[in-house]
Undergrad: 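Take a look at this one; I'll ask things after.
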Amino acid sequence: MSDYRIRKVTKKFLPLRPLWRPLFGVGLFGLAPVILSACGSSFGFYNFKSAAGADMYFKVPSNWTDFGPRQVFSTTQTTISQSQLSAIETGNWANVFTAQKISNIANLNGVFSNQPFGISQATKLSASQRDTFSLAGMRKLLLPVDPLSSSNTYSGATYSSQSYSEFVTPSGMRGSKMLVYIKQAGKPTAVLDQVAEVDSGTNWVYLIGVGCDLTCYKANKATINVIVNSWNVRS
């Protein structure tokens, strides 16, 4: 089966790096929204269950635009067989959401947008990926370089960590949370707020990343905090 890397789907958004050659899930892995009320606004509550049985869930404003796995994947592949879909779905899923009122995912500007943008993803690690997975790798789930490294520049952009913390959940999930500034000549400073976790067996990695340009981030920080803080994984 062809190799559909994360960079091909999302390089316009962050850009992102091709970590573990992950595939975006399609079709069977859908979101189940339930409208809730939070902070005076309506939020959709989204849930995804991985093949390992873990539940990942988070809230997104109900008036935002949502692109499910099939829409995300279709940006790189217009025709695909059912057997290929089944193979992808066993280990990968992704969802993109934005405050932009658009109908085509190709029109997204990602974290350099002047409106909030987010992505949530679940990826199954291969045996070789499990052996080499690290906290530094977790920090590079959506970025081409480790923002805590001295070599934090890539393709003309600098990725600098503004805050960073690590944690272990009661169920044994290991994770990290970071806020990163992305500076690139000719563009406004972009902000990425990311939380990621790997299960106790280092089999599945889950993440959420939300951001936009710095002016937008400051104006929408309360809403972005609701989304990021609502994200959780239970095994």
Side-chain angles (χ1 to χ4, degrees), residues 6 10 14 16-26 28-34 36 38 43-60 68-69 72 87-97 118-149 159 161-180 192-211 224-235:
I6 191 171
T10 53
L14 285 178
L16 311 184
R17 71 185 298 270
L19 182 71
W20 329 309
R21 304 154 74 98
L23 307 176
F24 278 131
V26 185
L28 298 180
F29 286 169
L31 288 169
V34 178
L36 302 176
F43 284 78
F45 179 77
Y46 295 93
N47 173 255
F48 162 76
K49 182 180 288 292
S50 74
D55 284 304
M56 177 174 67
Y57 53 91
F58 56 98
K59 293 187 289 190
V60 175
V72 173
I88 292 170
E89 289 167 345
T90 60
N92 298 273
W93 173 90
N95 183 71
V96 168
F97 46 92
I119 181 170
S120 186
Q121 183 178 347
T123 304
K124 184 178 181 180
L125 296 172
S126 68
S128 60
Q129 291 160 356
R130 290 177 61 211
D131 287 341
T132 59
F133 190 76
S134 65
L135 288 169
M138 192 176 294
R139 293 191 292 269
K140 295 190 290 182
L141 288 169
L142 294 178
L143 302 176
V145 293
D146 180 356
L148 295 186
S149 169
Y159 302 80
S161 174
Q162 303 301 300
S163 64
Y164 176 75
S165 61
E166 298 168 4
F167 58 87
V168 178
T169 70
S171 64
M173 301 280 287
R174 293 165 289 136
S176 66
K177 178 174 174 33
M178 64 181 185
L179 186 71
V180 178
L192 171 67
D193 194 344
Q194 176 188 295
V195 185
E197 296 182 10
V198 61
D199 62 22
S200 58
T202 318
N203 294 308
W204 278 79
V205 174
Y206 306 85
L207 73 90
I208 189 168
V210 186
I224 292 173
N225 284 343
V226 169
I227 298 170
V228 173
N229 292 336
S230 73
W231 185 85
N232 206 340
V233 182
R234 289 183 180 176
S235 58

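Because the structure is a prediction, the values reported are computed rather than measured.
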Undergrad: When rounded to the nearest 0.5 angstrom, what distance separates CE in Met173 from CG in Asp199?
TA: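 One finds 5.5 Å between CE of Met173 and CG of Asp199.
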Undergrad: Tell me, with the steps shown, if Asn203 and Arg130 meet side chain to side chain contact (heavy atoms under 4.5 Å, CB included).
TA: CA-CA 7 Å; Asn203 294 308; Arg130 290 177 61 211; 3.3 Å; yes
Undergrad: Which atom names give the shortest non-hydrogen contact between Glu166 and Arg139, and what distance separates them?
TA: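 Smallest heavy-atom distance, with atoms named: OE2-NH1, 4.1 Å.
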Undergrad: Would Val205 and Met138 satisfy side chain to side chain contact (heavy atoms under 4.5 Å, CB included), going step by step from the backbone distance to the final call?
TA: CA-CA 8 Å; Val205 174; Met138 192 176 294; 5.5 Å; no
Undergrad: Is there a side chain to side chain contact (heavy atoms under 4.5 Å, CB included) between Ile227 and Phe97? Walk through the geometry before answering.
TA: CA-CA 11 Å; Ile227 298 170; Phe97 46 92; 4.2 Å; yes
Undergrad: According to side chain to side chain donor-acceptor pair (under 3.5 Å), who are the partners of Thr202, at least two apart in sequence or on a separate chain?
TA: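 Once residues adjacent in sequence are excluded, the partners of Thr202 under the side chain to side chain donor-acceptor pair (under 3.5 Å) criterion are Arg174.
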Undergrad: Once you round to the nearest 0.5 Å, how far does CD of Glu197 lie from NZ of Lys177?
TA: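 Going from the CD atom of Glu197 to the NZ atom of Lys177 covers 11.5 Å.
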Undergrad: Let me confirm one number: the OG-CG distance from Ser149 to Leu143, rounded to the nearest 0.5 Å.
TA: 12.0 Å
Undergrad: Please name all residues satisfying side chain to side chain donor-acceptor pair (under 3.5 Å) with Ser128, sequence neighbours left out, ordered by chain then number.
TA: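 Partners of Ser128 by the side chain to side chain donor-acceptor pair (under 3.5 Å) criterion, ordered by chain and then number, come out as Ser126.
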Undergrad: Going by side chain to side chain donor-acceptor pair (under 3.5 Å), name the residues that satisfy it together with Ser134, two or more places apart in sequence or in a different chain.
TA: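 So Ser134 forms no side chain to side chain donor-acceptor pair (under 3.5 Å) with any residue.
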Undergrad: Testing the basics here: between Leu207 and Met56, what is the closest heavy-atom pair and its distance to 0.1 Å?
TA: O-SD, 4.3 Å
Undergrad: Which heavy atom of Ser176 sits nearest a heavy atom of Phe167, and at what distance?
TA: N-CE2, 3.4 Å
Undergrad: Any idea which heavy atoms bring Gln194 and Ala196 closest together, and the distance?
TA: NE2-CB, 4.0 Å
